[in-house]
Amino acid sequence: MHILVTNDDGPPSPTSSPYVHSLVRELQKRGHTVSVCLPHTQRSWIGKAHMIGKTVKPFYYRPSETFDPSPSAASQAQGATYTRPSKNSNEEEWILVDGTPASCAQIGLHHFFQEKGPVDLVVSGPNYGRNTTAVFALSSGTLGGALEAAVCKTKSIALSYAFFSRNHDPIIIDGASRHSVRVIEKLYAQWPTDKSVDLYSVNVPLVEGVEERKTLWAEMLQNYWGNSGACFEEVEGSIGDEDEEEERIREAEEQASSGAPDSKTTGGGDETGQTRYPHRHFKWAPRFTDVYKSVEESPPGNDGWAVKEGFTSVTPMKANFWHAATHLHGEELKLDVPESQGTKMSMSTLSYRPKQHFYALIAYEDSYVQPLILSALQKLFPPEAYTLLSLPTSAVPGEPISLREILPSNSASPVLQITPYEAIDWDYVASHPDTCLVNSYMLRKALIRKHYLSATVEHWVAKRPESVLKTHVKRSETFELDYAEFLDDALVEAFDLRASLERNEAQEQGHETEWWILKPSMSDRGQGIRLFSTMEELQGIFDEWEEDLSDDEEDEDRDADGDEGDGGDEKHGITTSHLRHFVAQPYIHPPLLLPGDGRKFHIRTYVACVGSLDVYVYKQMLALFAGKPYTPPASTPSPPSTGSGETIDLEAHLTNTCLQRSVASGTVRRFWELPLSQALKDTIFTQICAVTGEVFEAAARAMQMHFRPLANAFEVYGLDFLVDEGGTAYLLEVNAFPDFRQTGDELRGLVAGLWEEVLRAAAMGFLGFRGDVVGQEGDGGQEVRMVHVKRVELGR
């Protein structure tokens with residue numbers, strides 16, 4: 001089949017057109033001849049318009065073989081645009097037109113690609129966002145392109161992807177593209193011969209497993225803007241283009257020179273110099289909450305409802321916006337099962353919203369984790385039990401998301417929010433303790449800041465000397481330092497540290513030196529960590545940082561076009577924001593090493609805290625290895641790149657995968673598969689469970705101003721442990737919002753299982769659903785994946 005692809009989002013771009021490349025590649029894989037004619041830039045909300053009186057000019061786009069849709073790839077060159085066509089007939093080339101989607105359909109059908117034969121089908125899309133309901137469809141450039149093809153007597157399909165997160169997961173996008181191609185092929189194969197249908201509007205939700213979900217025939221929901229109906233907001237008339245700004249300045253100068261306003265010199269107005277209308281500009285700012293509310297309040301069966309429930313909607317249409325084939329509405333479009341899959345298609349039944357229903361805002365902003373959370377929801381809850389919410393158009397990264405704006409005003413259903421910490425609306429959380437569940441506690445510095453964690457352990461052990469924390473957390477010396485020259489003053493109260501350094505300096509050669517590890521309290525991902533054994537070495541570390549930071553500031557002053565930041569030093573992983581609070585601990589030596597593998601490793605343990613307060617340890621732990629074989633600090637050679645004979649090569653000592661320059665296979669492994677005796681692994685796990693439960697209880701009871709669990713919240717932490725040669729597990733640090741990506745693609749299932757257990761423990765009961773009790777052996781004696789290690793009764 002010869003398929004012409006157009007859209008209203010323009011050529012591939014992670015920020016404005018993230019889907020078209022995947023669809024084209026999938027159509028090509030299926031053996032179709034694909035021609036592409038797109039607007040040269042974003043042309044959304046333009047409908048089926050043409051630009052009269054304008055000469056339309058083509059450009060020539062040569063796409064890359066692959067395309068990264070993630071926002072982080074926005075600055076990468078992926079494909080190139082030229083003003084003249086390629087002379088190489090074998091080179092893939094798309095046409096870009098400085099016109100509308102409808103113009104692209106016209107020009108693509110009648111002025112290009114004749115050498116490929118007649119176009120059998122026009123596909124307009126995939127649109128970056130849904131085109132369900134009349135309000136969206138009437139203005140859609142995606143539908144405009146398909147309508148233009150239809151009035152040119154060519155079969156056409158408008159395809160739109162309904163996203164629930166702007167972090168574009170390539171796996172989900174590719175799954176949507178495979179599914180879309182199956183829908184396209186099925187619709188084309190059974191196109192009515194009685195001319196009852198001119199085009200189809202297809203909306204595909206970007207959710208994991210969309211290929212296994214139902215595809216429903218659906219009518220287009222007739223909806224309207226809200227009571228105000230205003231889709232534009234007024235802005236000051238002074239905010240105009242350069243010509244208008246110049247004119248305004250000249251008017252002001254004229255008034256000033258004449259001494260007073262005068263209707264003859266100001267270009268009209270009354271005797272007071274006031275114009276009839278205040279001069280304003282108007283900015284497109286529609287209230288989409290009205291549209292989403294209309295979907296929430298509508299009965300099942302329409303296109304908006306179908307996509308909201310995670311189904312693909314197909315709406316038959318005539319090229320006059322009338323519904324067509326209405327007898328199909330509510331039925332399921334039976335797709336052919338791909339030969340490579342034995343997927344059993346679900347039955348054709350409409351699922352009505354059950355009594356137990358909740359809304360879910362899942363916007364984790366991590367393309368590695370987001371689909372795993374959505375998959376966990378899908379496994380634990382039936383699709384009709386929850387409604388995924390989209391981010392509001394007003395959402396600003398790093399600022400709270402107002403749930404009031406996106407939840408139906410008359411809804412009594414609870415809401416589950418899993419987002420970054422900064423996106424949580426804490427006022428809403430506090431005012432809805434029984435119906436709003438969020439994925440973070442508001443206060444938890446007592447654990448996640450290194451100097452606070454040190455104080456937490458110190459306070460707890462002082463009153464409970466028998467605590468397991470006394471023997472499983474190395475004593476810490478905390479100090480504050482603003483400038484390197486004041487290091488001596490900063491260490492006045494660090495008695496143990498000073499005494500140790502003095503002993504090291506006084507010892508004769510051959511005596512065992514006690515090494516220390518320095519950590520900036522506010523840093524993460526291993527940034528700024530150093531090893532030292534003398535005051536001279538410690539002073540040298542701070543002198544070096546201060547010198548490098550000063551150089552950075554001078555460079556920024558000289559280079560106005562430099563990167564923005566807070567004075568970061570990429571070479572040493574330290575920034576000015578880190579240079580205040582520090583923690584120093586005795587270095588754990590020698591560490592436990594595996595037989596035949598001389599690399600140091602630490603154990604990453606995922607911990608879930610639920611409500612106020614139950615603590616769970618995820619049994620499937622990870623072992624993260626250093627990049628080079630371990631040698632004692634005193635004998636560790638410096639890397640050649642440093643040019644220093646004194647600098648310790650930290651790659652043999654630090655096990656953070658993000659720091660390694662020579663990461664090889666086996667850097668991340670499952671703990672339970674390590675070649676250690678089962679008895680030793682069981683002992684280590686028992687220690688980790690005991691320490692984990694105790695440290696969270698210590699924070700909850702002894703540091704209530706800095707750790708306050710909430711009944712309607714839960715949080716996942718990453719705890720790092722290091723085991724010494726004698727088999728003692730030491731807690732290193734506690735991380736909120738841990739970097740799951742370091743687990744890697746091969747162990748993605750481990751993280752998926754974690755989120756299933758977390759939602760089972762935290763969400764099912766809160767949202768009114770029954771399930772197996774987490775932390776206890778289930779039916780059939782299957783192994784427990786999440787171990788309940790502590791319940792802390794806080795009386796609230």
Side-chain angles (χ1 to χ4, degrees), residues 164-165 167 169 172 207-209 213 309-310 354 356-389 403 413-421 423-424 429 432-441 605-620 709-718 736-738 740 743 747-776 778 782-789 791:
F164 301 92
S165 168
N167 274 312
D169 185 348
I172 290 182
V207 295
E208 189 167 359
R213 295 192 175 211
E309 298 297 333
Q356 287 180 313
H357 172 270
F358 66 95
Y359 293 94
L361 176 60
I362 313 297
Y364 201 79
E365 293 191 357
D366 184 334
S367 60
Y368 181 93
V369 181
Q370 174 80 3
L372 303 182
I373 300 174
L374 294 173
S375 176
L377 274 179
Q378 183 180 348
K379 289 184 178 181
L380 294 176
F381 304 97
E384 65 271 16
Y386 63 93
T387 299
L388 289 173
L389 298 172
L403 290 176
S413 297
V415 60
L416 168 66
Q417 178 176 352
I418 301 179
T419 63
Y421 178 90
I424 297 175
V429 174
H432 295 78
D434 298 322
T435 57
C436 178
L437 179 66
V438 293
N439 65 309
S440 177
Y441 296 128
T605 304
Y606 292 120
V607 174
C609 289
V610 177
S612 58
L613 173 69
D614 285 284
V615 184
Y616 298 86
V617 169
Y618 187 53
K619 194 170 183 180
Q620 298 302 314
L710 300 174
N712 59 328
F714 66 94
E715 187 155 14
V716 178
Y717 298 90
F737 286 85
F740 293 107
T743 306
L747 298 180
R748 184 187 291 259
L750 184 147
V751 181
L754 166 68
W755 277 102
E756 290 175 29
E757 295 301 313
V758 168
L759 293 182
R760 192 191 311 277
M764 292 196 74
F766 185 92
L767 299 171
F769 293 82
R770 297 183 60 184
D772 295 333
V773 178
V774 177
Q776 297 182 10
Q782 60 263 40
E783 183 182 4
V784 174
R785 293 194 294 180
M786 188 79 85
V787 179
H788 185 248
V789 298
R791 169 163 291 174

K.L.:
Test of understanding: with side chain to side chain contact (heavy atoms under 4.5 Å, CB included), list the residues that count as partners of Thr743, not counting sequence neighbours.
P.N.:
Tyr368, Tyr606, Leu622, Leu747, Val751

K.L.:
Taking ring-ring contact (aromatic ring centres under 6.0 Å, His included) as the test, write out the residues that go with Tyr441, two or more places apart.
P.N.:
Phe707

K.L.:
Over all heavy atoms of both residues, which pair between Gly611 and Pro709 is shortest? Give the atoms and the distance, please.
P.N.:
O-CB, 3.5 Å

K.L.:
Going by salt bridge (charged side-chain N to carboxylate O under 4.0 Å, His left out), name the residues that satisfy it together with Asp169, two or more places apart in sequence or in a different chain.
P.N.:
none

K.L.:
So, taking the atom named CH2 in Trp755 and the one named CD in Gln370, what distance separates them when rounded to the nearest 0.5 Å?
P.N.:
10.0 Å

K.L.:
Grab the two heavy atoms, one from Ala713 and one from Ser440, that are nearest each other, plus how far apart they are.
P.N.:
CB-O, 3.4 Å

K.L.:
Between atom OG1 of Thr419 and atom OH of Tyr364, what is the distance when rounded to the nearest 0.5 Å?
P.N.:
9.5 Å

K.L.:
So how far is it from Leu372 CG to Leu377 CG, rounded to the nearest 0.5 Å?
P.N.:
11.5 Å

K.L.:
Run the side-chain hydrogen bond (donor to acceptor under 3.5 Å, both in side chains) test against Ser375 and tell me which residues pass, sequence neighbours left out.
P.N.:
none

K.L.:
Distance from Gln417 atom CD to Asn712 atom CG, nearest 0.5 Å?
P.N.:
11.0 Å

K.L.:
Taking only residues two or more places apart in sequence, or in another chain, which ones meet Tyr717 in a ring-ring contact (aromatic ring centres under 6.0 Å, His included)?
P.N.:
Phe696

K.L.:
With Glu756, which residues qualify under side-chain hydrogen bond (donor to acceptor under 3.5 Å, both in side chains), at least two apart?
P.N.:
Lys379, Arg785

K.L.:
Can you list everything that forms a side-chain hydrogen bond (donor to acceptor under 3.5 Å, both in side chains) with Asp366? Sequence neighbours excluded, please.
P.N.:
Arg741

K.L.:
Could you check if a side-chain atom of Phe164 sits within less than 4.5 angstrom of a side-chain atom of Ile362, using non-hydrogen atoms only?
P.N.:
no

K.L.:
Of all heavy-atom pairs between Val758 and Ala608, which one has the smallest distance, and what is that distance?
P.N.:
CG2-CB, 3.9 Å

K.L.:
What I'd like to find out is whether the side chain of Leu710 reaches to under 4.5 Å of the side chain of Val438, using heavy atoms alone.
P.N.:
no

K.L.:
Quick one: pull up CD1 in Ile424 and CD1 in Ile418 and give me the separation to the nearest 0.5 Å.
P.N.:
10.0 Å

K.L.:
Are the ring centres of Phe766 and Phe714 closer than 6.0 Å?
P.N.:
no

K.L.:
Excluding sequence neighbours, so at least two apart, what forms ring-ring contact (aromatic ring centres under 6.0 Å, His included) with Tyr421?
P.N.:
Trp426

K.L.:
Please enumerate all residues that pass side chain to side chain contact (heavy atoms under 4.5 Å, CB included) together with Leu380, with sequence neighbours excluded.
P.N.:
Leu759, Arg760, Met764

K.L.:
Taking the side chain as every heavy atom from C-beta outward, state whether Leu754 and Phe740 have any atom pair closer than 4.5 Å.
P.N.:
yes

K.L.:
Kindly compute the distance separating CD (Glu715) from CG (Asn439), expressed to the nearest 0.5 Å.
P.N.:
7.0 Å

K.L.:
Over all heavy atoms of both residues, which pair between Phe358 and Ala360 is shortest? Give the atoms and the distance, please.
P.N.:
CE1-CB, 4.0 Å

K.L.:
Within the 4.5 Å heavy-atom criterion, are Val429 and Leu403 side-chain neighbours or not?
P.N.:
no

K.L.:
With sequence neighbours left out, write down each residue that passes side-chain hydrogen bond (donor to acceptor under 3.5 Å, both in side chains) with Tyr618, or none if nothing qualifies.
P.N.:
none

K.L.:
Evaluate Thr387 against Glu309 for side-chain contact (heavy atoms from CB on, under 4.5 Å), listing each step before the verdict.
P.N.:
CA-CA 6 Å; Thr387 299; Glu309 298 297 333; 3.8 Å; yes

